[in-house]
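What follows is a short report on a single structure.
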Amino acid sequence: MHFNITSETIAEIKSDLEIIIVIDKDLSHRFVIDKKLLKKASFSGEQDEVCHLIEKDRLYVGADSLKGVNVRPAVATAFRSLIGKKSYKTVKIATYLSHPKCTASLRAVVEGIVLGSYTFTHYKSEKIKTSIKNIEISLEGYNEHEITPESAAKAVHNGEITANATNFTRDIVNTTPDDCYPKIMANIAEDLAKNNSLKCTILKPKDLRKEKMETLLAVARASRHAPRVIHLVHKPKNPKAIISLVGKGLTYDSGGLSLKPADYMVTMKSDKSGGSAVLGIMKAISEMNLPIEVHGFVGAVENMIGGDAYKPDDVLTAKNGKTIEIRNTDAEGRLVLADTLCYAQQEVKADYLFDFATLTGACVVGVGPYTSGVMGNDDEIKSLVTYSAKTSGELATKLDFNPYLKKTIKSEIADVCNISNIRYGGAITAGQFLSEFIDADHKNKWAHIDIAGPAFVEHAWGENPHGASGAGVRMMIRLIEKIVRSEEK
């Protein structure tokens, strides 16, 4: 898909279709030139409501406001409705700005176009995709706000990179476990490094044993696919800060000997969403060439059953020397993250440390299927994550630690237990378990982001299709951009 910015008015641009965003149900705006037809079609301009006037080659979609959080899903919904319609090759759209000289809404429009046009048809015999090749963006504005072609080009460029990285992540998550196991995930990382000037290091079982990553190795033991730990590096000259990203890459999770019920095994290809998000973030950061040193770590493992499987009642020793009593082998992601977090902190002394994981069903129960839970020891770091999520159009909320819940992961025979001894607060106790593997230097630089809810949903919502959403990618790109701006002041 090619984007072109032009000073021509909407009327002057020749295209197969025009997209008009109706803001706050305002059908009196000058861009709305089919008022009678819209009223006849009972179109009111509700958020994400679509009306396609085929005979006029115009498609209207409603957005509650000019803010990116409303414009992005509206545009995505409009473009999703065009998938499979082969008569449209070129689409035109005006510039929608929420504030003078602020390009956030324009970037959101571009993200909406790319995200809404996404399809995953790898396993379909008939490949139904968007036929749209060219997007003409007119600098003619919805309101009186003006924007320079240079500012518009930057917004379009960054929006396209961000959305493409999100779709890259979606593709990895949507790929079946038989086609994406730890070795394949490592291959994806190596190809990404070659194409994006990143440094890539892959740790194989021999290296993992040398690094004493015994909890990660235990989870992998019963699988025929050997584990990998991936380390990608974006290192510009004179970086403004150093950030480490750690992702849970469970390419498939059967639950191990604590076997999941059959219904719960379906969609477990999505348990690699955290690790996939790290790969997507690294792709975008390198392509935007942001002046931040970023390290991406992924613990890629498959959790299966067999005679060599790790067991409830086992006691494992993590890389930092802490012992863990196993009471449930389906609480495996935190074991993989424990060792991967320790390794990341050993290799890099970061200014910020973030981990991403589809860690707990409890988080989905607590905050719903669309929202990530953000945990950690420092309120400023957690607020930075939730602010960046809101800016990017993702949903995230803080879940605070407390000392009473932490007592529930105490073990009588080891340093800590891998599950709580009560049924409630599971998202927070999982986060508190991870905090046991954060060293003193990173204690107040770390946030854990549980993306179990939004990472994979079996219906379309907002700018997201059925399946993988690429959760975490957009929020972290915005967070890193914010750090760059704050360091440049």
To the nearest 0.5 Å, how far apart are [atom1] in [X] and [atom2] in [Y]?
{"X": "His442", "Y": "Ser435", "atom1": "NE2", "atom2": "OG", "value": "15.0 Å"}
{"X": "Leu335", "Y": "Thr329", "atom1": "CG", "atom2": "OG1", "value": "9.5 Å"}
{"X": "Leu217", "Y": "Lys319", "atom1": "CG", "atom2": "NZ", "value": "11.0 Å"}
{"X": "Ile243", "Y": "Leu479", "atom1": "CD1", "atom2": "CG", "value": "6.5 Å"}
{"X": "Tyr181", "Y": "Thr176", "atom1": "OH", "atom2": "OG1", "value": "10.5 Å"}
{"X": "Met475", "Y": "Leu395", "atom1": "CE", "atom2": "CG", "value": "8.5 Å"}

Neighbour count above 12 (heavy atom, 6.0 Å) for [X] [atom1]:
{"X": "Gln346", "atom1": "CD", "answer": "yes"}
{"X": "Tyr387", "atom1": "OH", "answer": "no"}
{"X": "Lys67", "atom1": "NZ", "answer": "no"}
{"X": "Lys349", "atom1": "NZ", "answer": "yes"}
{"X": "His466", "atom1": "NE2", "answer": "yes"}

Ser286 and Leu232: CA distance, side-chain angles, deciding distance, side-chain contact (heavy atoms from CB on, under 4.5 Å) verdict: CA-CA 11 Å; Ser286 61; Leu232 288 168; over 6 Å; no
Worked verdict on Leu97 versus Tyr142 for side-chain contact (heavy atoms from CB on, under 4.5 Å): CA-CA 7 Å; Leu97 301 178; Tyr142 177 84; over 6 Å; no
Work out which heavy atom in [X] is nearest to a heavy atom in [Y]; give both atom names and the distance.
{"X": "Met282", "Y": "Leu245", "result": "SD-CD1, 4.4 Å"}
{"X": "Ile21", "Y": "Val75", "result": "CD1-CG2, 3.6 Å"}
{"X": "Met265", "Y": "Ser254", "result": "CE-O, 4.0 Å"}
{"X": "Ala455", "Y": "Thr358", "result": "CB-CG2, 3.7 Å"}
{"X": "Leu115", "Y": "Arg72", "result": "CD1-CD, 4.4 Å"}
{"X": "Ile172", "Y": "Ser276", "result": "CG2-OG, 3.3 Å"}

Do the non-hydrogen side-chain atoms of [X] and [Y] ever get within less than 4.5 Å of each other?
{"X": "Leu353", "Y": "Leu341", "answer": "yes"}
{"X": "Val156", "Y": "Ile135", "answer": "no"}
{"X": "Ile19", "Y": "Phe79", "answer": "yes"}
{"X": "Glu211", "Y": "Val229", "answer": "no"}
{"X": "Asp355", "Y": "Lys248", "answer": "no"}
{"X": "Ser223", "Y": "Tyr252", "answer": "no"}
{"X": "Ile324", "Y": "Glu436", "answer": "no"}
{"X": "Leu399", "Y": "Cys363", "answer": "yes"}

Non-neighbouring partners of Asp24 that pass side chain to side chain donor-acceptor pair (under 3.5 Å), sequence neighbours left out: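 Applying side chain to side chain donor-acceptor pair (under 3.5 Å) to Asp24 gives none.
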With Lys398 via side chain to side chain donor-acceptor pair (under 3.5 Å) - residues at least two apart: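 Lys398 satisfies side chain to side chain donor-acceptor pair (under 3.5 Å) with Ser383 only.
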side-chain contact (heavy atoms from CB on, under 4.5 Å) evaluation trace for Tyr310 with Val219: CA-CA 7 Å; Tyr310 81 117; Val219 175; 4.0 Å; yes
Salt-bridge criterion met for [X] and [Y] (N-O under 4.0 Å):
{"X": "Glu190", "Y": "Arg228", "value": "no"}
{"X": "Lys183", "Y": "Glu302", "value": "no"}
{"X": "Lys154", "Y": "Glu150", "value": "no"}
{"X": "Asp378", "Y": "Lys445", "value": "no"}

Ring pair (Phe, Tyr, Trp, His ring centres under 6.0 Å) partners of His231, counting only residues at least two apart: His295, Phe297
Ring pair (Phe, Tyr, Trp, His ring centres under 6.0 Å) partners of Phe437, counting only residues at least two apart: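 Once residues adjacent in sequence are excluded, the partners of Phe437 under the ring pair (Phe, Tyr, Trp, His ring centres under 6.0 Å) criterion are Phe433.
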Expected output: side-chain [X] to main-chain [Y] donor-acceptor under 3.5 Å:
{"X": "Ser392", "Y": "Ala389", "value": "yes"}
{"X": "Ser469", "Y": "Pro454", "value": "yes"}
{"X": "Ser258", "Y": "Gly255", "value": "no"}
{"X": "Asp351", "Y": "Ile242", "value": "yes"}
{"X": "Ser98", "Y": "Ser105", "value": "no"}
{"X": "Gln432", "Y": "Lys406", "value": "yes"}
{"X": "Asn196", "Y": "Leu198", "value": "no"}
{"X": "Arg474", "Y": "Thr166", "value": "no"}
{"X": "Thr323", "Y": "Asp415", "value": "yes"}
{"X": "Lys25", "Y": "Val22", "value": "no"}

Set of salt bridge (Lys or Arg N to Asp or Glu O under 4.0 Å) partners for Lys204, sequence neighbours left out: none
Results of salt bridge (Lys or Arg N to Asp or Glu O under 4.0 Å) for Glu287 - residues two or more places apart only: Lys283
Any side-chain donor near an acceptor of the partner, [X] and [Y], under 3.5 Å:
{"X": "Tyr264", "Y": "Asp330", "value": "no"}
{"X": "Ser151", "Y": "Thr148", "value": "yes"}
{"X": "Arg170", "Y": "Asn464", "value": "yes"}
{"X": "Thr408", "Y": "Asn421", "value": "no"}

Glu347 and Lys199: CA distance, side-chain angles, deciding distance, salt bridge (charged side-chain N to carboxylate O under 4.0 Å, His left out) verdict: CA-CA 14 Å; Glu347 296 298 299; Lys199 180 182 176 183; over 6 Å; no
Chi angles and distances behind the side-chain contact (heavy atoms from CB on, under 4.5 Å) call for Asn320, Gln345: CA-CA 10 Å; Asn320 68 347; Gln345 292 166 96; over 6 Å; no
